[in-house]
Structure formats: C-alpha cells, structure tokens
Amino acid sequence: MAESAQPAETGIAVLLAGGRPGQQVLVRGWVRTRRDSKDVTFIELNDGSCLENLQVVLEPGRPGWEARDDVTTGASLVVSGPLVESPAAGQPVELRPESLEVTGGSEDDFPLQKKRHGFEYLRTIAHLRVRSNTFGALARVRNSLFTQVHGFFQERGFLFLPAPIITASDAEGAGEMFRVTTLDWGRGGEEPDYSRDFFGQKAGLTVSGQLEAEIFAQAFQKVYTFGPTFRAENSNTSRHAAEFWMIEPEMAFAGLEDNLRLAEDFIKAVIGGVLEQCPGDMGFFDARIEKGLLEKLTHVLESPFETITYTEAVRLLEESGEKFEFPAAWGHDLQSEHERYLAEKKLRRPVFVTDYPKDIKAFYMRMNPDGKTVAAMDLLVPGVGEIIGGSQREERLENLRRRMDSMDISPEEYWWYLDLRRYGSTPHSGFGVGFERLLMYITGLGNIRDVIPFPRTPGNIGF
RNA sequence: UCCCCGAUAGCUCAGCGGUAGAGCGGGUGGCUGUUAACCACUAGGUCGUAAGUUCGAAUCUUACUCGGGGAGCCA
C-alpha cells in the first residue's frame, strides 16, 4: 500500500465518534461558523453526517492560514491533515490541516446565521435550510424512519406493494383528487370528454393505496404500501399537506384485534429504532424543540396503548365536565378538541378509538353485529391528533352491496372490488399511517411543513 | 372555505399620534485556543400595498396582499 496516498474521505460523524490523534483524514463539508483570534482561527465544519461540527484550526505559518479570508460562513471546503487532541474542552479531537482548499466561497449575505431562525423564515429558503441544525437533524431522522418502516414490515413477512400514483379509483371518502389530464381543459368550464383523454377515462393522483393493497392481500396475505399520496383539499392547518407519504399495511385472515396489535407494534418498533439509530439528533430535538421528548417517547415504548370504543369515548367526554365548543354527542364525529382532551388530558398517551357509528365512516368498513357501528379504529396521539386511521374491511358481498347502495356508490366503478368478495373472500384489515405526522410526533416539530423537505400546501410550491 | 392574530434593518423583535431603535448577522480594527467567543467602531429601513382621519400616522380606520394559529376535511 502506498504510504503517500491521500486518506479516503471519512465522515465527520465517524471521526468524532472514534477518530484518534495522529490519524490522517480527509474531510469535505461546509463552514457553519468561524471564530478568530489574532493568531488562531477556528472553523466549524459540517458535512451533514451528524449534528456536530469538526473543529478545524488555522494558525499563522501553517497550511490553510493564507486562505483564512475566504473561509466564510457557508463556504465549501476540502481539508486534509492529522487529527490532533484538542487542548480545550468541547471536542475530543480537531483537525490541523496540511492542505485546505476552498471549493466554493460564500458571499457575506449568506442567510443562515449562528442563531435561532424562525421556521417561517427558513421555509422561504428551503434550498439553504438543509444546512441548519434543526433541518439537518430532521433529514437524518426522516431517513432513519423511512428505513425503520420498511424494516418493520420486511421482518414480519409483509410484501411491499408499490401502489400506483396515477389511478382511476378515488377511494371514496379519502378526499379530493388532483386531476391528471392531457386535455386542454378550462376554457368553457364544462366537464371535458374523458373518453378522449390520455387514459380514456377520468384519472387522478392517488389519495390512498388501500384498495390496491386489498387486492394484493387477497393473494399474499400480508402486504404494505409506502409511497406518496395526494389530496387536493384546501386544508390550511399545521398537519395537512397536499403531498405526503402514507404507509398502508393490509392483512388477510385478520380482524380488528390483529389490526390494533400490528399498529401498536409498528409505532413502538419504529420509535425504538429511530431512538437507537439517531441518538444525537433525537437529543437535539429533546433539548431544542420539545422539552421532555425523549421521556415521552420512552414512556410510549414502555406502556400499552389505551383502547376505548367510540361509545365509551363519547361517555367519557360527556362526563368530563369540560367546556367544549361543540359538546360530544353519539353519532357525530369527534372534534379535534375532543381528541385532544382524550389523548392529552384524560389518558396522556396514544389511544385507539374503535367502533365508530357507520354513518360517519367509509363504505368499505365492516358492519358490526349491532348494525349501528363499524369495525373502525383511529389512533390518537398527544400533540398531533389522528396519526392512524384503519378498519376491518367488509368482506361479505351482500353487506358491501347494501352499504354501497345506501351511500350512492356505483357498483360498476368498483366492480373489481366487489369481485374480491365473490372469489375467495377473507376477513381482512388494514390501516393508514401518515408518515409525516409520525415524524412530527417523533421529532416534536409542530408543523408538517417543517418535516417535509419541499412541502406542498395550498398556494405554496416554491421549491 | 370560515374565525382570530400578525407584517418595522439581512434575521429576531421593541416602539403604538410628535422627525425610526436594540440584539444578532455584515464590514473595519483589536485580542495567544475559541465553543451561540469577547471588546471597540461602522454601514444598513420611502415601518407589507393603497386610500382615509389628523396640524402631524410605523402608531387610528377601511380595503387588499402575504404569513401564522385555530376550525372543518383527513393521514
């Protein structure tokens, strides 16, 4: 092996965790900030591998000193040299360059300052906020959660189904669809002739992969989708986006109980996985974004989720003595204020609410023996609200037909969905998890726009 | 879509009827190792837009635009 060869690039996360004094290293990254004294300059270099920066020390007469004026906040550098033991507290090792190259300088109006910025402002510079502490931590945790999700289902024998993004089925009740068309539409305002459109019929961006997942479940038993989902709702809240990712497992030969168990296992497993994989970033969220976050999540891992029926929930709300803007009443959907009371004040942990009245739920949910409620489940979580919505599906052909008829849903449009009940139907169940809402819960970030790299919301598609 | 709140320097905000302020960031100089370093000096603003009330408007009124929070819809 040639001794003079440049050392391979090593991530700063690795160097700070296990780098030894004397080790020759090569790092590339961006200057977070710089501190000057007369005879020494400290550069905080970040390469995205972790929250912490590597301290690079410049001294007069040593390599790199002459480039000092170009090493401004935001500039990109390639630095190599030995790690040395740091004489001051704050970091175990620092880098004393033998060569330093400013790859790209940074102008003096670089917008990210070494101080707290407002989230609203950071959203206006989505191309640079990726270089902030908060967004860096978010990006790494988001990445970790992504792998946790696939890992959880793969370990349990679930088959991954990439559900189609352009679809003709509108998963009744899930929300408004974005239209996909090649027709020149909008001049007269009247509906176009979809038979002349690209697909020969009305098409849009998927609002849910559930119906396709049901098809797959009737062949592979345990399946899941995980992909982008689109809703054209004019929702202006901190927890709605027009484009978000949804995780939708579906299991054949499974009832509502199996569904609840899977959902609880899932939430616990992915939270546990992220805590293990991203301790530094999670510590940052605990310290800077939501005090007590780690304690909250640890508590979730250790205690069983609460399960109550909708009917019990309404009784709890009636007996609570709380003043609600809209009093809870059986037959009406739970308001946000009700969900918040249950999850945040009364039970103080994630809570499943099951068996909702049939009239406020979708046509495909399984009718309970009482004839009034369906086998539905929502998971409510403190601070975020509804994070999971699911149900046991109606597998009995006659029941499904009756439901669709009473809700004015065309059997022609769902002919294949009905077919699944004619050929080897099984009891089956599934749910949908909002990936970003889960991320909000895990990081403590309060706005969905800050857990999506490039968020799409009504009137906003700047990046 | 509805209700509430906001918009002042590059950023975070104070000023709330009498000729525009602070901290941070930027620039310059100083400081033998700093950790959101420190010290001194300095440059930045037709106070979101338009109209109105007033001797006088950043400040009061109205409309509009944009943003935030909440509601509904849901994940």
Side-chain angles (χ1 to χ4, degrees), chain A residues 32-44 52-60 69 72-74 84 86-91 94 96 106-125 128 132-133 171 173-176 207-210 226 228-248 263 288 324-326 332-340 360-362 378-381 384-390 431-441 446-452 457-460 462:
Chain A
R32 278 293 170 82
T33 186
R34 180 183 122 179
R35 290 179 295 274
D36 290 324
S37 283
K38 188 180 175 191
D39 289 327
V40 65
T41 282
F42 301 99
I43 300 163
E44 297 281 339
E52 290 75 32
N53 308 312
L54 179 65
Q55 179 161 284
V56 178
V57 185
L58 304 185
E59 287 166 308
D69 287 348
T72 52
T73 307
V84 298
S86 181
Q91 57 282 318
E94 58 193 27
R96 180 175 297 160
S106 181
E107 298 179 20
D108 63 19
D109 59 352
F110 182 68
L112 284 175
Q113 304 171 9
K114 195 175 189 177
K115 69 163 200 165
R116 232 188 136 81
H117 283 100
F119 288 120
E120 301 166 32
Y121 171 65
L122 289 173
R123 282 172 216 152
T124 67
I125 49 166
L128 296 172
S132 67
N133 284 337
E176 284 294 308
V207 294
S208 165
Q210 181 198 316
F226 181 22
T229 308
F230 307 86
R231 303 274 167 92
E233 295 288 347
N234 187 16
S235 296
N236 293 289
T237 81
S238 54
R239 11 175 239 294
H240 288 86
E243 176 180 324
F244 62 100
W245 281 57
M246 195 151 61
I247 304 145
E248 297 178 288
R288 303 295 277 276
F324 294 117
E325 193 185 345
F326 300 99
H332 292 91
D333 211 348
L334 298 179
Q335 305 278 321
S336 283
E337 55 177 340
H338 301 147
E339 297 184 349
R340 211 172 302 127
I360 59 174
K361 287 293 181 183
D378 284 357
L379 180 65
L380 311 180
V381 133
V384 179
E386 187 179 337
I387 204 169
I388 287 182
F431 58 84
V433 190
F435 182 72
E436 282 79 9
R437 287 192 182 172
L438 185 54
L439 205 44
M440 288 170 73
Y441 184 60
N447 198 310
I448 200 162
R449 287 162 245 248
D450 299 318
V451 301
I452 301 179
T457 52
N460 183 344

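In what follows, chains are A, B, ... by sequence order, proteins preceding strands, each numbered from 1.
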With a 3.5 Å limit on both atom pairs, tell me what B/C2 is paired to, counting Watson-Crick and G-U wobble, or say none. B/G70
Please tabulate the protein-to-nucleotide N/O contacts below 3.5 Å involving nucleotides 43-45 of chain B, giving atom names and distances.
none

Whether the side chain of A/S37 engages the backbone of A/D39 through a donor-acceptor N/O pair (distance < 3.5 Å, no angle test) should be reported. no
Does A/F435 stack onto the base of B/A75, taking stacking as ring centres under 5.5 Å apart and planes under 30° apart? no
N or O in side chain of A/R35 less than 4.0 angstrom from B/U32 OP1/OP2: no
In Watson-Crick or G-U wobble terms, with both distances under 3.5 Å, the base opposite B/A40 is B/U28
Say you pick atom P in B/U28 and the same atom in B/G70; how far apart are they, in whole Å? 44 Å
side-chain N/O A/S238 vs B/G70 OP1/OP2, d < 4.0 Å: yes
Suppose you measure atom P in B/G6 against the same atom in B/G48; what distance do you get, rounded to whole Å? 13 Å
Let me know the distance between CD of A/E339 and P of B/G70, rounded to the nearest Å. 14 Å
Could you give the distance separating B/G67 and B/G17 at their P atoms, to the nearest angstrom? 31 Å
Is it true that a side-chain atom of A/S235 and a backbone atom of A/T237 form a donor plus acceptor pair closer than 3.5 Å? no
Sole candidate of A/Y441, A/W245, A/F226 that passes ring-ring contact (aromatic ring centres under 6.0 Å, His included) when paired with A/F435: A/F226
Measuring to OP1 and OP2 of B/G25, would you say a side-chain N or O of A/R34 lies under 4.0 angstrom away? no
In whole angstroms, how far is the P atom of B/C73 from the NZ atom of A/K361? 10 Å
B/A63 pairs with, by Watson-Crick or G-U criteria that keep both distances under 3.5 Å: B/U49
How many angstroms lie between atom CD of A/Q113 and atom OG of A/S132, to the nearest 0.5 angstrom? 13.0 Å
Nearest-nucleotide comparison on RNA chain B, the residue closer to the 5′ end among A/R449 and A/R340: A/R449
Suppose you measure atom C1' in B/A58 against the same atom in B/A20; what distance do you get, rounded to whole Å? 8 Å
When the distance from CZ of A/F110 to P of B/G26 is rounded to whole Å, what number comes out? 11 Å
Counting heavy atoms from C-beta on, name the nucleotide in B/C11, B/A71, B/U34 closest to the side chain of A/Q335. B/A71
Take the protein atom NE2 of A/H332 and the nucleotide atom C1' of B/G72, then report the distance between them rounded to whole Å. 14 Å
Looking only at atom P, what distance separates B/G52 and B/A71, rounded to whole Å? 40 Å
Rounded distance in Å between the C1' positions of B/A36 and B/U32: 22 Å
Whole-Å distance between B/G69 P and A/F119 CZ? 11 Å
Between A/Q113 and B/A36, is there a contact of a side-chain N or O with OP1 or OP2 at under 4.0 Å? no
Output yes when at least one side-chain N/O atom of A/N460 is less than 4.0 Å from OP1 or OP2 of B/G67, else no. no
So, does A/T237 get its side chain near the phosphate of B/C73, meaning an N or O under 4.0 Å from OP1 or OP2? no
Is there a donor-acceptor contact under 3.5 Å from the side chain of A/R239 to the main chain of A/R437? no
Closest heavy-atom pair and its distance - A/M246, A/T229: CB-OG1, 3.4 Å
Assigned partner base of B/C16, Watson-Crick or wobble definition, under 3.5 Å: none
Both distances below 3.5 Å, Watson-Crick or wobble geometry, any strand: find the nucleotide opposite B/A75. none
Using the C1' atoms only, state how far B/G72 lies from B/G15, rounded to an integer number of Å. 38 Å
Applying side chain to side chain contact (heavy atoms under 4.5 Å, CB included), name anything that partners A/R35, two or more places apart in sequence or on another chain. A/T33, A/F42, A/E44, A/Q55, A/K114
Heavy-atom nearest nucleotide on RNA chain B taken for A/F42 and for A/P458; more 5' hit belongs to A/F42
Atom CG of A/D109 and atom P of B/A9 are separated, to the nearest Å, by 16 Å
Nearest to the side chain of A/H117, which nucleotide is it out of B/A75, B/C11, B/G33? B/C11
Write down the distance between CG (A/L122) and C1' (B/C11), rounded to a whole number of angstrom. 10 Å
Enter syn or anti for the glycosidic conformation of B/G44, syn applying to angles within 90° of 0. syn
Student check: side-chain heavy atoms of A/I448 and A/M440 closer than 4.5 Å: yes
Can you find a heavy atom in the side chain of A/L334 that is under 4.5 Å from one in the side chain of A/E386? no
Atom CG of A/D108 and atom OG1 of A/T72: how far apart are they, to the nearest 0.5 Å? 8.0 Å
Between B/C24 and B/A63, how far is it from one P atom to the other, in whole Å? 40 Å
Rounded distance (Å) that lies between atom C1' of B/A71 and atom CZ of A/R239: 9 Å
Would you say B/G33 has OP1 or OP2 under 4.0 Å from some side-chain N or O of A/S37? yes
